[in-house]
Amino acid sequence: MAAAIIDGKKCAQDVKNEVAVEVQALKARGITPGLAAILVGDDPASAVYVRNKSLACNEVGIHSEIFRLSDNTKEEDLIRLIETLNNDRTFHGILVQLPLPKHLNERSIIESLDPLKDVDCLHTSNMGRLVDGSSIFTPGTPSGIQELLKRCGYHTDGKHVVICGRSNIVGKPAALLFIQKGDWANATVTVCHTGTKNLSDFTRSADILIAAVGRPKIITADLVKEGSVIIDVGINRVPDETKRSGYRLVGDVDFENVVDKVSAITPVPGGVGPMTVAMLLLNTLKSAQQTSSE
Ligand code: GUN
């Protein structure tokens, strides 16, 4: 039977519609949720992501501003901006788009965020809270994957979820989400990474395989189990002269060859990416709701 193509764009639209209703309710009480996005340098992919996040905010009625800083911004200047935004009541969420230019210490910059405005869930206090499931915010991509599985009816309870990639932004927090006791979690989780020996032994036993490696088409058909569900987090630019931009986007999964073997798969683009943005909006809304109840 042909694989189901999981429509992340549609699910994200559903989440956005729900967020928009809540935003209107808050606005009626005099509170407009606000998101500050900080973009340092001129990485073209990061510029696209930040623009998409800002457009999505507009769509649901969240106020957003992009703070663009030059490539050679000093660490203390960036931290000063974050501290100003921490104290600015118009912003309920602040995100620092990653990666940052090499001369900046990512960790000390993230730590300068007010954890109550850290809608990307990257501050160590929010990451730490993920361990016992008491987090204020859930990280965008992992919770976007969870929401996608939930809305499409792919259960995780008792399943073997295999995650390829151990990044702080996807792999590690995804593992923490899916091992929690609770609905749409409660999975047996394996995390594979560059140190993993015999990768296929793990990936071929995955009921749900999450590819978050950042390498085009690295998950080939021989690495996946027949009938499994494949979640492709990769967004890789590969040269393509037939495109006006000179590139096209491909995932970490060799979609054309994997699709015939599995029961469901997310496309790139239009799979996990839109869900990440939708969850960011949801976190910004939650943050604004929190301040309104204080
Ligand atoms: N870079 C790639 N993905 C993300 C994300 O979800 N948030 C931030 N801040 N940076 C990213």
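Keep in mind it's a predicted model, so treat the numbers as computed, not measured. The basis for the numbers below is simple: all heavy atoms, side chains too, and nothing from hydrogens, waters or symmetry mates. In listed order, ligands and their atoms are each counted from 1.
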Problem set entry | Flag if over 12 foreign heavy atoms under 6.0 Å of CG, Asn105 | yes

Exercise. Counting only heavy atoms not in Arg215, do more than 12 fall under 6.0 Å of its CZ?
Worked result: no

Exercise. What do you reckon, does Thr141 have a nitrogen or oxygen under 3.5 Å from a nitrogen or oxygen of ligand 1?
Worked result: no

Exercise. Are Thr124 and Glu111 linked by a side-chain donor-acceptor pair shorter than 3.5 Å?
Worked result: yes

Exercise. In terms of residue, atom name and distance, what is the protein heavy atom nearest to atom 11 (C) of ligand 1?
Worked result: Gln97 NE2, 3.3 Å

Exercise. Does atom CZ of Arg237 have more than 12 heavy-atom neighbours, drawn from other residues, nucleotides or ligands, at distances under 6.0 Å?
Worked result: yes

Exercise. Please state which protein non-hydrogen atom is closest to atom 1 (N) of ligand 1 and give its distance, to 0.1 Å?
Worked result: Leu98 O, 2.9 Å

Problem set entry | Over 12 foreign heavy atoms within 6.0 Å of NZ, Lys9 | no

Exercise. So, does Lys53 sit close enough to ligand 1 that a heavy atom of it is under 4.0 Å from the ligand?
Worked result: yes

Exercise. Among all protein non-hydrogen atoms, which one is nearest to atom 4 (C) of ligand 1, and what is the separation to 0.1 Å?
Worked result: Ile169 CD1, 3.5 Å

Seminar exercise, completed: So for Leu280 against ligand 1, with non-hydrogen atoms under 4.0 Å, the contacting part is neither

Problem set entry | Validation row: Pro173, Ser143 side chains within 4.5 angstrom (heavy atoms) | no

Seminar exercise, completed: closest protein heavy atom to atom 7 (N) of ligand 1 is Asp120 OD2, 3.1 Å

Problem set entry | Within-cut-off N or O pair, Val96 and ligand 1, under 3.5 Å | yes

